[in-house]
Amino acid sequence: MGFVSYFPGRGTVRETAYLEGKAEGKLEGKTEGIAEDRASLILRVLDSHGVHVSEDTRERITSCTDLDTLGLWFDRSLTAATAEDLFTDTAQAPAETTDAGPTSDR
């Protein structure tokens with residue numbers, strides 16, 4: 001029976017897998033923390049503007065883990081009159097303009 005060394009830095013497959021798993025877990029934990037923080041900020045902004053937030057809406061915000069979505073909701077919370085304004089797309093298509101200038105058919 002041979003001697004097995006489990007000291008760090010030996011480059012074993014087990015150590016490599018462990019370190020990769022540790023890094024993935026750390027990243028997931030960091031992402032979850034950021035998501036929780038963003039959700040909390042959204043709720044604080046709505047509260048500071050006097051916007052009522054139902055339990056269903058609060059659950060939807062706090063359970064979201066997509067950072068891009070939470071960022072969008074945060075931006076919308078700054079001007080929202082109701083909590084539902086976070087979830088509706090208020091961006092409208094640009095109005096068509098008529099240009100009296102020449103047109104080309106390319």
* Could you tell me which residues satisfy side chain to side chain donor-acceptor pair (under 3.5 Å) with Thr82, sequence neighbours excluded, listed by chain and number? => Asp85
Please tabulate, for side-chain N and O atoms in residues 64-75, each donor-acceptor pair with protein atoms closer than 3.5 Å (sequence neighbours left out).
{"residue": "Asp66", "atom": "OD2", "partner": "Thr69", "partner atom": "N", "Å": "2.9"}
{"residue": "Asp66", "atom": "OD2", "partner": "Thr69", "partner atom": "OG1", "Å": "2.5"}

* Asked: Do Arg76 and Phe87 have side chains that get closer than 4.5 Å, going by heavy atoms?
  -> no
* Structure fact -> Residues Ala80 and Leu86: closest non-hydrogen pair is CB-CD2, 4.5 Å
* Would you please name every residue forming a side chain to side chain donor-acceptor pair (under 3.5 Å) with Ser54, sequence neighbours left out? => Thr57
* Structure fact -> Taken to the nearest 0.5 Å, the spacing of Arg60 CZ from Glu84 CD works out to 9.5 Å
* Please report the shortest heavy-atom distance between Leu43 and Arg58, naming the atom on each side. => CD1-NH1, 3.6 Å
* Calculate, to the nearest 0.5 Å, the distance between atoms OG and CD1 belonging to Ser63 and Ile61 respectively. => 9.0 Å
* Nearest non-hydrogen partners of His49 and Ser77, listed with the distance -> ND1-O, 3.6 Å
* For the side chain of Ser40 and the backbone of Glu36, is there at least one donor-acceptor N/O pair under 3.5 Å apart? -> no
